[in-house]
**Student:** 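Here it is, the structure, as structure tokens.
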Amino acid sequence: MERQRTQAALEEAQRAAECSKQDARRLQRAAEEEKKKADEAVAKSEAARKAAEKDVREATAAKEDAERQLREGIQPVLTPTPQEILAAQAKIQYQENLFHFAVAGRAGGGKSSLINAFRGMSNRAAGSARTGVTETTLTVGRYPDPDERCQHVWYDLPGAGTLKIPDWQYFNAQGLYVFDCIVVLFDNRFTHTDIAILLNGRRFKIPTYIVRSKADQHIRNIMKEMGYESEDEDRSQRLTLYMAAREQLVDETRRNVKTNLAEANLPDQKVYVVSSSCLRAVAKGEQPSRAIDEIQLLNDLYMEAQARRVRHESEGVST
């Protein structure tokens, strides 16, 4: 009997020990689960803190950028309504079967001469855009190609500083969103209006072309700085000076444009260096020996305008 009681006590002790072990394991699992939850909570809290800090940084950066743009006169342009698009098209006598090219730049920068060259016309030809030192027009000038079979129409936009509207409103105020392409005539620095045009050209997916005109004048000035004095000089020496001056002009212009674009937080893009005389000859089907970017400019303009029109038609979008 005593032996049975001892055996029962031993079995009871073993069961109690096993229960204790099970309780210990449950407590261990519970503790591990609680630790896991605590670690996850800490991780979530840290992620939330980092996300909040990122939001603050982005908000601060956006605020600073908005303040900078406000100081520089560059502000966002509202998307035009369908009624505004129709009004802008009516203003420039928009026609679906024509390609509409706008030329923008500072007053007195040579826009009219460039437009005449695009049309293959001299500045004195009948129907040419008026040229002069002082620009007084406050409206957009419309100049169809003299060849009625040609589908290109050129527009002379009022220069920067001639209108009493902020630069950031210029794009919408002139209805530039209805043009097929926009040529921005570059001098030594971009105006705020130029920057607004380039920015919004990207926003509205309208091709923009940066053009440095009067290349022949700039090359001659550089040649004089190099020691060139008259046409009587040796032809070989004159040609050598010309090529060196031309290369200097192109290199300096491209570096200058790249710097200006970077300062405006715009991506780099090609600048076309042209002279009105060579551009006029190319527009008439000739191939002048001293052409720089004139041929490529016309090809790029016409091909991109046509490609953009085809894309819009396939998408069912009105220009």
Side-chain angles (χ1 to χ4, degrees), residues 92 94-105 109-125 127-129 131 140-157 176 178-187 194 197-198 201-202 204-219 246-247 249-251 253-254 257 261 268-313 319:
I92 67 169
Y94 182 92
Q95 297 179 39
E96 288 289 346
N97 63 318
L98 299 178
F99 293 97
H100 308 80
F101 302 105
V103 179
K111 297 194 307 301
S112 298
S113 294
L114 189 67
I115 286 174
N116 291 333
F118 275 127
R119 301 163 71 214
M121 303 175 68
S122 70
N123 291 338
R124 295 179 179 272
S128 62
T131 58
V140 176
R142 185 180 189 275
Y143 300 96
D145 195 279
D147 185 347
E148 294 182 356
R149 296 169 300 178
C150 185
Q151 297 177 313
H152 307 139
V153 183
W154 300 90
Y155 294 82
D156 189 351
L157 303 180
L176 299 192
V178 300
F179 287 97
D180 293 293
C181 290
I182 303 172
V183 173
V184 177
L185 196 56
F186 176 79
D187 198 353
D194 297 335
I197 289 172
L198 293 171
R202 290 176 59 80
F204 285 93
K205 297 181 181 180
I206 298 174
T208 57
Y209 295 84
I210 302 172
V211 174
R212 178 80 184 271
S213 66
K214 303 180 182 179
D216 47 355
Q217 296 179 29
H218 294 306
I219 289 173
R246 167 177 160 157
E247 183 178 356
L249 172 66
V250 172
D251 288 345
T253 299
R254 287 177 180 161
V257 167
L261 289 172
D268 192 21
Q269 70 180 84
K270 180 177 175 57
V271 55
Y272 299 82
V273 180
V274 305
S275 70
S276 293
S277 58
C278 283
L279 184 62
R280 180 167 55 251
V282 172
K284 293 166 67 175
E286 302 171 10
Q287 292 188 332
S289 60
R290 293 194 172 184
I292 304 177
D293 294 322
E294 292 84 355
I295 296 174
Q296 185 177 359
L297 172 60
L298 284 176
N299 285 340
D300 290 350
L301 267 171
Y302 298 154
M303 290 179 65
E304 179 58 33
Q306 189 166 7
R308 180 175 181 270
R309 183 68 65 84
V310 170
R311 287 196 301 271
H312 275 235
E313 289 175 353
T319 303

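Computed from a predicted model, the values in this text were never measured in an experiment. Basis for what follows: all heavy atoms, side chains included, without hydrogens, waters or symmetry-related copies.
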**Student:** Between atom CD of Gln95 and atom CD of Gln151, what is the distance when rounded to the nearest 0.5 Å?
**Tutor:**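 The CD atom of Gln151 is 10.5 Å from CD of Gln95, to the nearest 0.5 Å.
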
**Student:** Can Val103 and Val211 be said to form a side chain to side chain contact (heavy atoms under 4.5 Å, CB included), step by step?
**Tutor:** CA-CA 10 Å; Val103 179; Val211 174; over 6 Å; no

**Student:** Does any non-hydrogen side-chain atom of Asp145 lie less than 4.5 Å from one of Phe118?
**Tutor:**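 They are not in contact (no side-chain heavy atoms under 4.5 Å apart), so the answer is no.
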
**Student:** Which heavy atom of Ser277 sits nearest to which heavy atom of Asp216, and what is that distance?
**Tutor:**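 For Ser277 and Asp216, the tightest heavy-atom pair comes out as OG-OD2, 3.8 Å.
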
**Student:** Apply side chain to side chain contact (heavy atoms under 4.5 Å, CB included) to residues Val178 and His100 and explain how you reach the verdict.
**Tutor:** CA-CA 8 Å; Val178 300; His100 308 80; over 6 Å; no

**Student:** For the pair Ser128 (side chain) and Ala125 (backbone), establish whether a donor and an acceptor sit closer than 3.5 Å, ignoring hydrogens and angles.
**Tutor:**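 Looks like yes, one N/O pair under 3.5 Å.
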
**Student:** Do any N or O atoms from the side chain of Gln269 and from the backbone of Thr208 form a donor-acceptor pair under 3.5 angstrom?
**Tutor:**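 Here the side-chain-to-backbone pair exists.
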
**Student:** Among all residues two or more places apart in sequence or in another chain, which pass the side chain to side chain contact (heavy atoms under 4.5 Å, CB included) test with Ala305?
**Tutor:**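 Checked Ala305 against side chain to side chain contact (heavy atoms under 4.5 Å, CB included); matches are Phe99, Phe101, Asp180, Cys181.
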
**Student:** For residues Phe186 and Asp194, determine if any side-chain heavy atom of one lies less than 4.5 Å from a side-chain heavy atom of the other.
**Tutor:**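 The answer is no, as the side chains (C-beta and beyond) never meet within the 4.5 Å cut-off.
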
**Student:** Grab the two heavy atoms, one from Met121 and one from Gly127, that are nearest each other, plus how far apart they are.
**Tutor:**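 For Met121 versus Gly127, the nearest heavy atoms are CE-C, 3.8 Å.
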
**Student:** Is the number of heavy atoms from other residues, nucleotides or ligands under 6.0 Å of Glu286 CD greater than 12?
**Tutor:**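 Above 12, so yes.
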
**Student:** Counting C-beta onward and ignoring hydrogens, is there a side-chain heavy-atom pair between Val184 and Leu198 closer than 4.5 Å?
**Tutor:**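 Yes - at least one pair of side-chain heavy atoms lies under 4.5 Å apart.
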
**Student:** Applying side-chain contact (heavy atoms from CB on, under 4.5 Å) between Val273 and each of Thr253, Val257, Ile210, Asp251, report the one that passes.
**Tutor:**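 Of the listed options, the one satisfying the test is Thr253.
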
**Student:** Could you report the tightest heavy-atom contact between Pro288 and Val282, atom names first, then the distance?
**Tutor:**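 Smallest heavy-atom distance, with atoms named: CD-CG2, 3.7 Å.
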
**Student:** Show the nearest heavy-atom pair for residues Leu157 and Ala104, with the distance to one decimal.
**Tutor:**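 What the structure gives for the nearest pair is CD1-CB, 3.7 Å.
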
**Student:** To the closest 0.5 Å, what do you measure between CG (Asp147) and NE2 (His152)?
**Tutor:**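 Rounded to the nearest 0.5 Å, the CG-NE2 separation comes out at 10.5 Å.
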
**Student:** With Lys270, which residues qualify under side chain to side chain contact (heavy atoms under 4.5 Å, CB included), at least two apart?
**Tutor:**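 Listed in chain order: Arg254, Tyr272, Asp293, Gln296.
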
**Student:** Do you know the tightest heavy-atom contact between Ala129 and Asn116?
**Tutor:**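 For Ala129 versus Asn116, the nearest heavy atoms are N-OD1, 2.6 Å.
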
**Student:** When rounded to the nearest 0.5 angstrom, what distance separates CD1 in Ile219 from CZ in Arg290?
**Tutor:**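 With rounding to 0.5 Å, CD1 (Ile219) is 8.0 Å from CZ (Arg290).
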
**Student:** Under a 3.5 Å distance rule, please check whether Gln217 uses its side chain to pair with a backbone N or O of Ala215 as donor and acceptor.
**Tutor:**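 It does not hold such a pair.
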
**Student:** Please check if the number of heavy atoms outside Arg142 that lie under 6.0 Å from its CZ is greater than 12.
**Tutor:**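 Atom CZ in Arg142 is packed in, count exceeds 12.
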
**Student:** Is it true that a side-chain atom of Tyr155 and a backbone atom of Ile92 form a donor plus acceptor pair closer than 3.5 Å?
**Tutor:**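 Yes, the answer is positive, given that a donor and an acceptor are paired below the 3.5 Å cut-off.
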
**Student:** To the nearest 0.5 Å, tell me how far Arg119 CZ sits from Trp154 CH2.
**Tutor:**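 Spacing of CZ (Arg119) from CH2 (Trp154) equals 10.5 Å.
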
**Student:** So how far is it from Leu297 CG to Tyr302 OH, rounded to the nearest 0.5 Å?
**Tutor:**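 Nearest 0.5 Å value for the CG-OH distance: 8.5 Å.
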
**Student:** Can you tell me how far CG of Leu185 sits from OG of Ser213, rounded to the nearest 0.5 angstrom?
**Tutor:**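 Going from OG on Ser213 over to CG on Leu185, the span is 4.0 Å.
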
